[in-house]
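Here the structure comes first, spelled out in structure tokens, and everything after it is commentary.
Just so we're on the same page: letters track the sequence lines, and every chain starts at 1. In this text, all values refer to a predicted model and were calculated from it rather than measured experimentally.
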2 protein chains.
Amino acid sequence: MAGRRSDTRERIQQVALELFAEHGYEKTSLREIAERLEVTKAALYYHFKTKEDIVHSLVEKLVGAFDELLHWGSAQPRTHETTEEVLRRFSSLVNDEYGSEMQFIQQNVPTLKKFGVMMPLGQKVRELFQLVGAEGDDPATELKARLALVALVLGINPMFGGPEAAPPPEVALKVALELVAPRP
Amino acid sequence: MAGRRSDTRERIQQVALELFAEHGYEKTSLREIAERLEVTKAALYYHFKTKEDIVHSLVEKLVGAFDELLHWGSAQPRTHETTEEVLRRFSSLVNDEYGSEMQFIQQNVPTLKKFGVMMPLGQKVRELFQLVGAEGDDPATELKARLALVALVLGINPMFGGPEAAPPPEVALKVALELVAPRP
DNA sequence: GTCTATATAATGATAGAC
DNA sequence: GTCTATCATTATATAGAC
């Protein structure tokens, strides 16, 4: 019984994200998404009220994932091993399951700002580097904590990272740990 | 004699960049640019063949600035002071004169990729962190050299930096220098 | 849940007068 | 060097049949 499937919503999210990440939100038309799914535009509107709504649904999932990591981390003892595990889990999130979405977000900021999803996301990230940000809150320590997370996600940055120059995950993790270590 | 000025080309570049950086390339219409300049769309087409052409003209200037820094740096003795001065000049470039453009670039990647300007830019940046990248080329050292430059430009990243959390330039510079130091 | 058909609204770009 | 007027295209979104 093709034509009456029930996973269309998730398939829309998946295909839309692919195209958003590759060509950008504005240059990805609903027609294009529909064609790749072999449905019509009207079908998309059954599952999502607007094009913008697809983005909101995607971001919600990511915020949920960050929240989960934050909750887990806060419940652990504040040891070196915990920090390492937080960084490791963050690395997995932003490179595996949410790699495309992180790329989409970083490369379509004006759009996402207009949709009002940039600040909530920024807030979660801020909580994350508080979690790994050593004890002191002097500016240099804080900056290094930020850079630790950046190191783990540098592969998606085409200007300062770039896929071809993406450091192996172990290397990135090692450098990240150095950056959050109490004394270098 | 208003209506026959000769600096319109530069004014278009300036206003276009402002709008591109704030609302994104796709969502900035030529009508909007023309209105802010109090000219008509047709006038824009006298100075630039297409909308895309405006972007190319902007990127060319930045590549030129990077090239200038690269030439200067290569001609200096490879000392700690040189590295510091390269980082300082890079910081000035990306935060002062080309701050808006760096923001525009990082936040409109799909568009700029399609225009073919992303790879040449990435190449210049790669040369830049070779210039500051210590002697070794083991992956960790290389990653740290990248992060040094990233630290200096973190303010324009709304997810991992953000204007409100932009580190003072001296702090960023200090951390950047740590990152390219031979032994931490 | 998916389709056809259409309404509505912008946009990038061009022609030609002044 | 700037204007008026217009074209062609494409996009998001909706109405209503099946």
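Rounded to an integer number of Å, the gap from F48(B) CZ to dG12(C) C1' is 16 Å. Between the CG atom of L44(A) and the P atom of dA11(D) there is a distance of 13 Å, rounded to whole Å. Counting to the nearest Å, the P atom of dT11(C) and the CD1 atom of I54(B) are 14 Å from each other. Rounded to whole angstrom, the span from the CD atom of E52(A) across to the P atom of dA13(D) amounts to 9 Å. Distance, Y46(A) OH to dG1(C) P: 3 Å, rounded to whole Å.
Checking side-chain atoms of Q107(B) against main-chain N and O of P158(B) turns up no donor-acceptor pair under 3.5 Å. At distances below 3.5 Å, at least one donor-acceptor pair connects side-chain atoms of H56(A) with backbone N or O atoms of F115(A). Remark: the backbone N or O of G24(B) is not paired with any side-chain donor or acceptor of N108(B) at under 3.5 angstrom. In this structure, the side chain of R146(B) does not engage the main chain of F129(B) through any donor-acceptor pair within 3.5 Å. Side-chain N or O atoms of S100(B) include none that pairs as donor or acceptor with a backbone N or O of E18(B) at under 3.5 Å. Proximity of a side-chain donor or acceptor of T82(A) to a complementary backbone N or O of P77(A) within less than 3.5 Å is detected. Panel note: side chain K124(A), backbone L70(A); no donor-acceptor pair is recorded below 3.5 Å.
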Per-pair distances, 0.1 Å, donor-acceptor, side chain in residues 85-93 of chain A, under 3.5 Å, sequence neighbours excluded:
| from | atom 1 | to | atom 2 | distance (Å) |
| --- | --- | --- | --- | --- |
| E85(A) | OE2 | R89(A) | NE | 3.1 |
| R88(A) | NH2 | E84(A) | OE2 | 2.7 |
| S91(A) | OG | N95(A) | ND2 | 3.3 |
| S92(A) | OG | R88(A) | O | 3.3 |

Please list every donor-acceptor pair under 3.5 Å in which a side-chain atom of residues 37-50 of chain B meets a protein atom from a residue at least two apart or in another chain.
| from | atom 1 | to | atom 2 | distance (Å) |
| --- | --- | --- | --- | --- |
| T50(B) | OG1 | E52(B) | N | 3.4 |
| T50(B) | OG1 | D53(B) | N | 3.1 |

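Within the structure, every side-chain polar atom (N or O) of T8(A) is placed at least 4.0 Å from both OP1 and OP2 of dG1(C). An OP1 or OP2 oxygen of dC3(C) is reached within less than 4.0 angstrom by a side-chain nitrogen or oxygen of T40(A).
Shown here are the ring pair (Phe, Tyr, Trp, His ring centres under 6.0 Å) partners of F104(A), two or more places apart in sequence or in another chain: F20(A).
For H47(A), the listed nucleotide lying nearest its side chain is dG1(C); candidates were dG12(C), dT12(D), dG1(C).
The stretch residues 31-39 of chain A touches DNA chain D through R31(A), each having a heavy atom under 4.0 angstrom from the strand. Sorted by residue number, the members of residues 9-30 of chain A with any non-hydrogen atom under 4.0 Å from DNA chain D read T28(A), S29(A), L30(A).
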Under 3.5 Å between N/O atoms: give me all the protein pairs with nucleotides 14-17 of chain D, atom names plus distance.
none

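By the 6.0 Å contact criterion, NZ on K27(B) is open, its count of non-hydrogen atoms from other residues, nucleotides or ligands being 12 or less.
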